[in-house]
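Worksheet: one structure, shown below.
Note that this is a predicted model, so its numbers are computed, not measured.
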Amino acid sequence: MLVNKQSSYNNGDIVSFKLANGDEVIAEIVEVTDAGWIVKRPYIVVPSQQGIGLMQALFTGNLERGLELNRSSVLLHADTIPEMHSHYIKTTTGIDVAPKSRIIS
């Protein structure tokens, strides 16, 4: 198992998980436990003709409640890259995140 040197995430962090079955899941951290992570709004990363998309991981469950993601099912985990973080926020909340402004010199 590959281990991320960051041992803990904070409540509200958006994290990418690679599961043992091959799925990549992006979710918001609610709590870190000894057994794994309590997350909400888990979405599976899916390729499409327009690029990478997100699909609900659970269609009939309440995604706003804490769902346990067991550590033994996760191969990798890392902070989500900014582009996917923005896409996740837009998909889950409908809010379009403005890109960070840059000073051009």
Is it true that V15 and V30 fall in one hydrophobic cluster, defined by side-chain heavy atoms closer than 4.5 Å? no

Could you list the donor-acceptor pairs under 3.5 angstrom formed between side-chain atoms of residues 55-70 and any protein atom two or more places apart in sequence or on another chain?
| residue | atom | partner | partner atom | Å |
| --- | --- | --- | --- | --- |
| Q56 | NE2 | L58 | O | 3.3 |
| N62 | OD1 | E64 | N | 3.0 |
| N70 | OD1 | S72 | N | 2.9 |
| N70 | OD1 | S72 | OG | 2.9 |

For T92, enumerate each residue passing the side chain to side chain donor-acceptor pair (under 3.5 Å) test, keeping only those at least two apart in sequence or located in another chain. none

From OH (Y88) to OG1 (T93), nearest 0.5 Å: 9.5 Å

Side chain to side chain contact (heavy atoms under 4.5 Å, CB included) with E31: which residues, sequence neighbours excluded? T33, I38

Tell me which pairs pass ring-ring contact (aromatic ring centres under 6.0 Å, His included) where either residue lies in residues 10-32, with sequence neighbours left out. F17-W37

Taking the side chain as C-beta and beyond, is there a heavy-atom pair between I29 and V39 under 4.5 Å? yes

Check: L19 main-chain N/O paired with S73 side-chain donor or acceptor under 3.5 Å: no

Applying side chain to side chain donor-acceptor pair (under 3.5 Å) to N21 and not counting sequence neighbours gives D23

Answer yes or no: is there a side-chain heavy-atom contact under 4.5 Å between L54 and I44? no

Between the CD1 atom in I89 and the CD1 atom in I26, the distance rounded to the nearest 0.5 Å is 10.0 Å

Give the minimum heavy-atom separation between H87 and I52, together with the two atoms involved. NE2-O, 3.8 Å

Do you know the tightest heavy-atom contact between P42 and A27? CA-CB, 3.9 Å

List the residues meeting side chain to side chain donor-acceptor pair (under 3.5 Å) with T91, not counting sequence neighbours, and say none if there are none. none

Please, which pairs that meet side-chain hydrogen bond (donor to acceptor under 3.5 Å, both in side chains) have at least one residue in residues 40-49, sequence neighbours excluded? E28-R41

